[in-house]
Amino acid sequence: METAMNFQEQIKQGIPSVLPQAKAYPADANRAPKRKDILSVDEKQLAVRNALRYFPKEWHQELAVEFAKELKDFGRIYMYRFKPSYHMQARSISDYPAKCQQAAAIMLMVENNLDPAVAQHPEELITYGGNGAVFQNWAQYLLAMKYLSEMESDQTLHLYSGHPMGLFPSSEDAPRVVVTNGMMIPNYSQPDDWEKFNALGVTQYGQMTAGSFMYIGPQGIVHGTTITVMNAFRKVLSKGEKPQGKIFLTAGLGGMSGAQPKAGNIANCVTVCAEVNANAATKRHQQGWVDELIDNMDELVARVKAAQANEEVVSIAYIGNIVDVWESFYEQEIFIHLGSDQTSLHNPWSGGYYPVDISYEESNRLIREEPEVFKTKVQETLVRHAEAVNKHTARGTYFFDYGNAFLLEASRAGGDVMAENGIDFKYPSYVQDILGPMCFDYGFGPFRWVCASGHSEDLDKTDAIAASVLKKIMADSPEEIQQQMQDNITWIEDAKQNKLVVGSQARILYADAQGRMEIAKAFNDAIEAGEIGPVVLGRDHHDVSGTDSPFRETSNIYDGSRFTADMAIHNVIGDSFRGATWVSIHNGGGVGWGEVVNGGFGMLLDGSDAAERRLKSMLLFDVNNGIARRSWARNEEANFAIKREMARTPKLKVTLANVVEDDILNKLSF
Ligand SMILES: NC(=O)c1ccc[n+]([C@@H]2O[C@H](COP(=O)([O-])OP(=O)(O)OC[C@H]3O[C@@H](n4cnc5c(N)ncnc54)[C@H](O)[C@@H]3O)[C@@H](O)[C@H]2O)c1
């Protein structure tokens with residue numbers, strides 16, 4: 001019955017009227033790991049009861065048994081039987097059955113996030129990060145797509161952690177979809193609360209861009225890493241010095257860390273990236289994301305010395321433990337300009353970080369059979385790791401934490417990574433030193449767009465439009481932001497040849513409020529002129545305003561407010577009434593459940609006057625909300641940027657901070 005229908009009919013049908021056949025799991029799928037068995041017997045019954053809400057009574061007997069088995073086998077009820085048989089991918093916007101184009105654009109983005117070429121565990125509706133979900137189960141997907149196909153331009157679909165609560169009357173200027181993911185009463189935001197309430201089917205972890213349908217494959221992380229590495233070199237090199245032949249030493253060639261060598265090549269340095277998992281390293285090598293593969297330390301040392309001497313641009317994967325590399329390079333007196341780490345230390349005890357002097361296979365055995373021994377080995381390794389880094393930094397290496405909790409876990413293990421005050425770490429995070437002051441405080445962040453026609457020629461045209469807009473703005477821009485402008489012009493000019501598109505025809509670049517608004521307006525004009533099809537705008541949540549995350553995006557906020565989440569909440573509410581096509585607010589993206597609140601938006605440009613009005617109003621707020629907050633926190637760069645924006649925008653009036661002299665405070669007695 002299901003297969004006789006075409007794609008559009010299947011979308012409009014939603015949950016099928018005839019119970020589909022149970023399916024065998026595809027053998028080649030990359031399945032999500034089995035989740036923790038955390039529910040009591042009563043709670044398991046509740047989880048099945050909850051799941052059956054989506055289906056008619058006649059099916060309950062059969063589905064109850066099946067869902068109970070899914071819960072037992074996988075720790076969650078994914079409702080595999082209801083996964084549609086059509087291929088999941090971003091189609092052209094005109095292929096979707098819809099009464100309004102905004103709804104069709106959202107369908108396109110949803111499907112892109114579930115495309116097996118894009119998504120990490122597509123059978124379980126997980127886009128990236130192991131648990132970044134688009135929906136909790138296939139019934140939610142089917143219902144949401146049906147609602148979108150029926151939606152008129154004065155209705156709004158409310159999604160509660162993937163669950164489509166329904167279509168509500170609203171207005172043409174309201175968002176078509178409002179997404180919340182994992183929003184909890186604050187006291188119920190421990191990691192096991194996610195395990196429990198997700199297993200019950202009442203919440204989900206949306207990561208940053210998965211649950212907001214804005215993930216565009218590895219391009220986003222390559223760009224962010226490139227910007228970080230380029231700017232880190234600028235911090236350490238003297239004027240006129242070039243990164244060629246200078247070493248960036250790091251670890252991890254996994255999901256996101258695999259972007260490091262590619263970014264290092266774009267930043268023109270020598271990248272040495274250690275990876276204990278030979279399969280992960282080989283995969284990245286075969287994909288062309290790293291140039292050379294070496295599994296012998298003597299060979300690595302010789303190769304790196306040659307690359308230094310010849311001032312090469314090359315990326316080298318070392319199959320082995322990162323600690324061995326830090327230690328050997330110290331003995332061999334190889335100078336490392338930049339050092340960092342992207343092992344998965346947000347997950348230290350279950351394979352995110354491998355101990356030194358133990359084989360990969362033996363480590364995996366210890367994780368399963370002797371977890372306490374494994375934990376001790378990890379902690380011993382972290383102490384050694386920190387010691388080796390410290391020896392290099394004493395020689396002048398610049399080391400930064402890459403948002404993977406390296407410093408946090410090294411400190412917990414007893415490693416020597418604390419500053420003298422005993423509160424801060426010895427080394428900065430990449431946001432404290434690089435992305436915060438150089439990008440976010442000026443409003444530069446990960447703006448992105450998707451050409452909804454699906455035509456690569458449209459992407460080429462938008463690349464050219466964006467480059468010409470940025471060049472024009474750069475000609476009159478202040479010195480403070482010239483470098484960022486130039487980096488992003490170079491990036492967009494090289495973007496096509498770097499072959500970064502996976503899934504939808506998408507592009508990312510860092511731009512400030514003015515850049516984002518002018519690029520968007522130029523796209524809208526080109527759509528109106530019939531030069532390109534509609535364009536979906538969006539951004540990563542990892543941005544100026546979207547995310548309150550005390551150890552990452554807002555780690556360079558020093559007025560004590562980095563543990564608050566007002567900015568992210570204002571961001572999503574403010575965007576929603578200024579014209580976003582959809583808005584989303586999540587708990588946990590990037591650094592973990594309970595650790596961050598992050599918000600984002602999507603906006604369809606269709607060439608209309610209404611789209612122009614909306615883009616101007618919303619993008620101005622979307623960026624300047626965060627700059628205002630950063631300026632109030634006394635960040636100088638943000639203070640500069642917000643004053644400049646107020647001069648450009650008379651209706652913007654932001655409260656500015658008066659800065660007290662240290663002398664006055666130092667004389668106080670408490
Ligand atoms: N701040 C950012 O913008 C940003 C960006 C990307 C990733 N991250 C963080 O970086 C970490 C990595 O992300 P991922 O998606 O690549 O994770 P991942 O688990 O896919 O990859 C990590 C890799 O590190 C390897 N590894 C572990 N211990 C090692 C050791 N001692 N020596 C050498 N290799 C080792 C693993 O085998 C694995 O392949 C995460 O904690 C993530 O949150 C932060």
Side-chain angles (χ1 to χ4, degrees), residues 30 33 120 127-132 207-209 218 220-229 249-261 263 272-284 289-290 295 317-327 340-361 363-364 367 374 377-382 384-385 388 400-410 429-436 439-440 445-446 540-543 547 549 551-553 555 588-592 595-596 598:
N30 178 5
Q120 185 183 21
T127 304
Y128 73 98
N131 50 7
Q207 272 283 6
M208 291 208 154
T209 48
I221 190 69
V222 173
H223 182 260
T225 312
T226 303
I227 292 287
T228 305
V229 175
L249 173 60
T250 183
L253 286 170
M256 293 192 279
S257 47
Q260 295 177 105
V272 180
C273 194
E275 169 55 66
V276 281
N277 179 349
N279 288 336
T282 309
K283 184 174 153 195
R284 290 302 185 192
W289 285 53
V290 61
D295 62 2
Y318 171 69
I319 302 177
N321 201 292
I322 181 62
V323 177
D324 288 327
V325 185
W326 282 104
E327 291 179 347
S340 195
D341 193 88
Q342 271 199 27
T343 56
S344 276
L345 273 161
H346 69 272
N347 174 28
W349 320 127
S350 331
Y353 180 86
Y354 282 79
V356 70
D357 294 339
I358 302 178
S359 73
Y360 184 63
E361 293 69 27
S363 291
N364 286 334
I367 293 172
F374 183 76
K377 297 285 175 202
V378 163
Q379 290 186 315
E380 286 167 5
T381 301
L382 278 167
R384 238 171 95 175
H385 195 157
F400 61 96
D401 186 284
Y402 211 147
N404 67 337
F406 171 74
L407 292 175
L408 184 67
E409 288 305 333
S429 83
Y430 74 114
V431 173
Q432 277 178 299
D433 251 23
I434 304 165
L435 280 193
C439 297
F440 293 164
D540 192 348
H541 289 201
H542 175 269
D543 195 9
T547 295
S549 182
F551 300 104
R552 237 171 73 167
E553 285 80 352
S555 59
V591 287
E595 304 285 358
V596 43
N598 48 282

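These numbers were taken from a predicted model, which means no experiment stands behind them. Remember, it's 1-based here, ligands and their atoms both numbered in the order they're listed.
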Practice item. Run the numbers on Y430 and Y402 for ring pair (Phe, Tyr, Trp, His ring centres under 6.0 Å), then give the verdict. Key: CA-CA 6 Å; Y430 74 114; Y402 211 147; 4.8 Å; yes

**Study point:** F374/I358 under side chain to side chain contact (heavy atoms under 4.5 Å, CB included): CA gap, chis, key distance, verdict
**Key:** CA-CA 10 Å; F374 183 76; I358 302 178; over 6 Å; no

**Study point:** Stepwise side-chain hydrogen bond (donor to acceptor under 3.5 Å, both in side chains) check, N277 with Y360
**Key:** CA-CA 7 Å; N277 179 349; Y360 184 63; 3.0 Å; yes

**Study point:** Test side chain to side chain contact (heavy atoms under 4.5 Å, CB included) applied to R552 and N598, step by step
**Key:** CA-CA 12 Å; R552 237 171 73 167; N598 48 282; over 6 Å; no

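Contact annotation: G224 has no heavy atom less than 4.0 Å from any atom of ligand 1. The closest approach between any non-hydrogen atom of Y430 and ligand 1 is below 4.0 Å. At least one heavy atom of G320 lies less than 4.0 angstrom from ligand 1.
Taking the side chain as every heavy atom from C-beta outward, H223 and I227 approach each other to under 4.5 Å. With a 4.5 Å cut-off on side-chain heavy atoms, F406 and L382 count as touching. Annotation: side chain of T547 is in contact with side chain of V596 (closest heavy-atom distance under 4.5 Å). Within the 4.5 Å cutoff, no side-chain heavy atoms of E275 are placed close to those of Y354. The shortest side-chain heavy-atom distance between T381 and D357 does not fall under the 4.5 Å cut-off. Side-chain contact between M208 and E553: present, with at least one pair of heavy atoms (C-beta onward) separated by less than 4.5 Å. F400 has its side chain out of reach of Q432: every pair of non-hydrogen atoms, C-beta onward, lies at least 4.5 Å apart.
Protein heavy atom at the shortest distance from atom 34 (N) of ligand 1 is V276 N, 3.3 Å. Among all protein heavy atoms, the one lying closest to atom 13 (O) of ligand 1 is S344 OG, 3.9 Å. Atom 28 (N) of ligand 1 has as its closest protein heavy atom Y354 N, 2.9 Å. In this structure, the protein non-hydrogen atom closest to atom 37 (O) of ligand 1 is E275 OE2, 2.6 Å. Of all protein heavy atoms, the one lying nearest to atom 11 (C) of ligand 1 is T343 O, 3.4 Å. Atom 44 (C) of ligand 1 has Y402 O, 3.2 Å as its closest protein atom, hydrogens excluded (heavy atom only). Looking only at protein heavy atoms, the nearest one to atom 9 (C) of ligand 1 is N404 CB, 3.8 Å. Nearest protein heavy-atom neighbour of atom 27 (C) of ligand 1: G352 O, 3.2 Å.
Residue M256 has at least one N or O atom closer than 3.5 Å to an N or O atom of ligand 1. Where the criterion is an N or O separation shorter than 3.5 Å, residue side chain and backbone included, G255 meets it with respect to ligand 1. For ligand 1, the polar-atom distance check against G351 finds no nitrogen or oxygen pair separated by under 3.5 Å.
For ligand 1, the atoms closer than 4.0 angstrom to any heavy atom of S257 are 14 (P), 16 (O), 21 (O), 22 (C). Interface of H346 with ligand 1, defined as ligand atoms under 4.0 Å from a residue heavy atom, comprises 40 (C), 41 (O), 43 (O). Per-residue contacts place A274 under 4.0 angstrom from the following atoms of ligand 1 (heavy atoms of the residue considered): 33 (C), 34 (N). Annotation for ligand 1: atoms under 4.0 Å from non-hydrogen atoms of I322 are 30 (C), 31 (N), 32 (N), 33 (C). Atoms of ligand 1 lying under 4.0 Å from any heavy atom of G252, numbered from 1 in the order shown and given with element: 23 (C), 24 (O). Each of the atoms 5 (C), 6 (C) of ligand 1 lies under 4.0 Å from some heavy atom of I221.
With rounding to the nearest 0.5 angstrom, the NZ atom of K377 is 13.5 Å from the OH atom of Y353.
Ring geometry for F440 versus H542: interplanar angle over 60°, hence perpendicular rather than tilted (30 to 60°).
Comparing heavy-atom distances from atom 22 (C) of ligand 1 across Q120, Q342, R284 singles out Q342 as nearest.
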